[in-house]
Amino acid sequence: MLTIFIYTFLSGILAVTFDLIFGFTGQLSMFHPAVFGLSAYVTHLLVLHARLPFWLATLPAAAAAVALAIVVGSICFKFRLKTFYFAVVTLAFAEMLRLIIVNWNSVTNGTLGLVVSGKPTIWWPGTGLVAIRGPVAWYYLTLAALGATVLICARVLASWMGRAFGAIRLNEDLARTLGINVFRYKLVSFAIGNALASFAGGLYGYYTGYIDPGYLSINQSMEVLAMVLLGGQGTLTGPVVGSFVLTALPHVIDLRAEARAILYGAILIFTILVMPRGVVGTLRAWRMRRAA
Amino acid sequence: MLSLVAGQVLNGAIVGSMYGIIALGITLTFGITGIVNFALGEFMMIGAYATFALAERGGLPYPVAVVPAALIAAAAGYVCNKAFFRFTRGNLVNGLLVSIGLISVFESAVLWYWSATPIEMHYVLPGALRLGDVSLPKMKLLVFAVIVVVIALTYAALAGTWLGRASFAYAQNAEAATLMGVHTERLVTAVMLYSTGLAGLGGALYASLYSLEPSLGGVYVLKGMEAAILGGIGSLMGSLWGGVILGVIEAVGSIFLPTAFRDAYGLAVLVAILLFRPAGLFGDES
């Protein structure tokens, strides 16, 4: 039972940060799982080979995510790629990254993936450094990580940057004439989203104890998109709701794997048809109608 | 060496024509309905498995089985359009989400019934033609020819006819087209039927060449999308050329560069084209 929540929180981080780029800034990025998977690998490899402690290793991973985001983002935004085209180009870069990881056998062990045996440690009063083991400890760790992510995103969105993001989403040309540096703020949004997503990658690898190139797959990208749309794009609670629905529901109902996937698809289709703006978006509209 | 390259170019063109038939469906649906039907690959998979069921289990001769297989895929497309896509028209991301749901449903349903073990059909048309040092299986040539003819016929049917002009008008401005007497609901239904039927036909042809897996659609819809963008969204013949070019790049690229990265060569070219010619190779610049 706790596992469902842990997975919800981990994918919630991905979904919230994706929504920062997609729901708030209006850029349909398909690069998210690439950063997620890459940082899972980088974090683990740094712990393994450079003997860094887990928390220290997440920082170079995040730096790598930011560097990649700046390269990919600059290319896309410089050429003013929009909606579908932006999605395809980011998807192309994500696929190239995945192919490199699949084929770099000596480092990544190819399609077989890597087994992660360690656990991150935490300083605890009285006992000193303890490894985070067991569902309860992971529950609180991932909950804290999700909380921190949501807080950071909320801070960013409440600032001048958040308003610039909104302006870009609603009307890019108008934003430009108002003196907003569209290129810079798109890049900032893309970089922040990817940097935060990279922490989810490191944690995910250490929670499951296993990293493989599937982390970077297109399906993963679709899943994150589904969570955000289902919960409600352009909100911070929506992605978490979406990630809970898509993680929990198929597991709560005891079915064989194929039936579970069918159920998953059916949930997606029907929610989006009944609530085109997602669960949270629909609730919000309903509340506003009642207040009016 | 030369014959190796020539052989790979031909092979790439044949695989590429498969990408092209999916690309045609993507271009048509996106142009008319504003939806990227990401589930087209699943209709291809349905067509492929239907062909297998009809030909191997049902005992129909292969050339006969192809037609009902494409029709089954089109029927599935019709149902999906009436039940789901109708409500997401003009909304790119919600349409995408419905496609993702459909992929999950179709793929696991087929997985349930047929399991993940690859299935192979018997040789439909054995033998090969020899062209110098290059040998070409007859079936591959036949498939290539069928696809080229189908795409060319589609182009002929839409260029210069009332139906074609109506579609273009609808794609440009749906409201104005309705006022001019275009029956839009029928047009959209026809496009969904046709694009899913095409994908089904692509799957039926695929079944005669390669082994079938429930996940085959995923690869082809991606390649089809790449091909559609490469050729230029909205350009019908562009989708064929885009597919062929993509197939040839992948095939020739893997002679000179590591084969493991063959998917990346097409993507790299695609990114370059999108950056410098966003409308695609054969697309309308405006």
Side-chain angles (χ1 to χ4, degrees), chain A residues 22-23 28 72 75-76 78-100 102-105 110 217-219 221-223 225-226 228-230 233 250 256-278, chain B residues 30 34 36 38-39 80 83-88 91-113 115-116 214-215 218-219 221-222 225-226 228-230 233 258-272 274-276 278-280:
Chain A
F22 168 67
L28 181 52
V72 173
I75 294 174
C76 293
K78 201 91 224 165
F79 287 91
R80 297 196 183 170
L81 295 176
K82 283 183 195 147
T83 57
F84 180 49
Y85 293 99
F86 178 70
V88 170
V89 173
T90 45
L91 181 77
F93 280 112
E95 273 295 282
M96 289 182 206
L97 205 60
R98 189 180 67 86
L99 285 171
I100 292 173
V102 168
N103 291 302
W104 200 357
N105 277 317
S217 68
I218 298 165
N219 294 349
S221 208
M222 297 297 166
E223 198 147 321
L225 176 66
V228 170
L229 285 176
L230 203 73
Q233 64 186 89
R256 58 182 287 182
E258 289 91 348
R260 199 178 280 174
I262 293 178
L263 182 68
Y264 172 89
I267 295 173
L268 274 191
I269 296 171
F270 283 103
T271 326
I272 212 63
L273 291 184
V274 177
M275 296 181 269
R277 271 179 293 178
Chain B
F30 185 65
V36 179
F38 211 67
C80 290
F84 312 125
F85 284 117
R86 197 150 58 94
F87 304 103
T88 64
N91 188 333
L92 182 86
V93 282
N94 283 7
L96 190 61
L97 197 68
V98 170
S99 316
I100 300 172
L102 286 178
I103 292 174
S104 189
V105 170
F106 283 140
E107 208 174 300
S108 11
V110 170
L111 197 63
W112 199 335
Y113 192 73
S115 86
S215 58
V219 180
V221 78
L222 270 185
M225 211 150 66
E226 288 173 35
I229 296 171
L230 205 61
I233 292 278
T259 324
F261 289 96
R262 67 177 288 151
D263 292 334
Y265 306 137
L267 287 170
V269 172
L270 178 73
V271 169
L274 266 186
L275 296 183
F276 297 107

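Residue numbering restarts at 1 for every chain, and letters A, B, ... go by the order of the sequence lines. Predicted model, so just to flag it, every value in this text is computed and none were measured.
Heavy-atom distances place the side chain of Val36(B), and not its backbone, under 4.5 Å from chain A. Looking at Phe106(B), there are no atoms closer than 4.5 Å to chain A (heavy atoms on both sides), in backbone or side chain. Interface residue Gln233(A): only side-chain heavy atoms are found under 4.5 Å from chain B. For a residue to count as touching a neighbouring chain, one of its non-hydrogen atoms must lie under 4.5 Å from one of that chain's; by this rule Leu263(A) does not touch chain B. Contacts between Ala268(B) and chain A at a heavy-atom distance below 4.5 Å involve backbone atoms as well as side-chain atoms. When heavy atoms are compared at a cutoff of 4.5 Å, Ile103(B) does not approach chain A at all. For chain B, the nearby part of Ile218(A) is the side chain; its heavy atoms alone come within less than 4.5 Å. Within the 4.5 angstrom heavy-atom criterion, atoms from both the backbone and the side chain of Ile100(B) approach chain A.
Considering only residues two or more places apart in sequence or on other chains, Pro276(A) meets the side chain to side chain contact (heavy atoms under 4.5 Å, CB included) condition with Asn94(B). Remark: Asp263(B) pairs with Lys223(B) by the side chain to side chain donor-acceptor pair (under 3.5 Å) rule, at least two apart or across chains.
To the nearest 0.5 Å, atom OH of residue Tyr85(A) and atom CG of residue Leu270(B) are 10.5 Å apart. Distance check, rounded to the nearest 0.5 Å: OH of Tyr265(B) to CG of Leu99(A) gives 9.5 Å.
Among Asn103(A), Leu225(A), Ile267(A), Val89(A), the residue with the largest count of heavy-atom pairs under 4.5 Å with chain B is Asn103(A). When Arg98(A), Met96(A), Glu258(A) are compared by the number of non-hydrogen pairs under 4.5 Å with chain B, Glu258(A) comes out ahead. The candidate with the highest count of non-hydrogen atom pairs below 4.5 Å against chain B, out of Ala266(A), Gly265(A), Ala87(A), Ala226(A), is Gly265(A).
Using cut-offs of 30° and 60° on the angle between ring planes, the pair Phe276(B) and Phe79(A) is perpendicular.
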Which is it for Leu275(B) and Leu81(A) under the side chain to side chain contact (heavy atoms under 4.5 Å, CB included) test, yes or no, and what are the steps along the way? CA-CA 8 Å; Leu275(B) 296 183; Leu81(A) 295 176; 3.9 Å; yes

Criterion side chain to side chain contact (heavy atoms under 4.5 Å, CB included) on Phe93(A) and Leu267(B), from CA distance to verdict: CA-CA 8 Å; Phe93(A) 280 112; Leu267(B) 287 170; over 6 Å; no

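For the side-chain contact (heavy atoms from CB on, under 4.5 Å) test with Leu97(B), the passing option among Thr271(A), Leu229(A), Leu273(A), Ile269(A) is Leu229(A); the others fail.
Under a cut-off of 6.0 angstrom, the local environment of CZ in Arg86(B) is crowded, with over 12 non-hydrogen atoms contributed by other residues, nucleotides or ligands.
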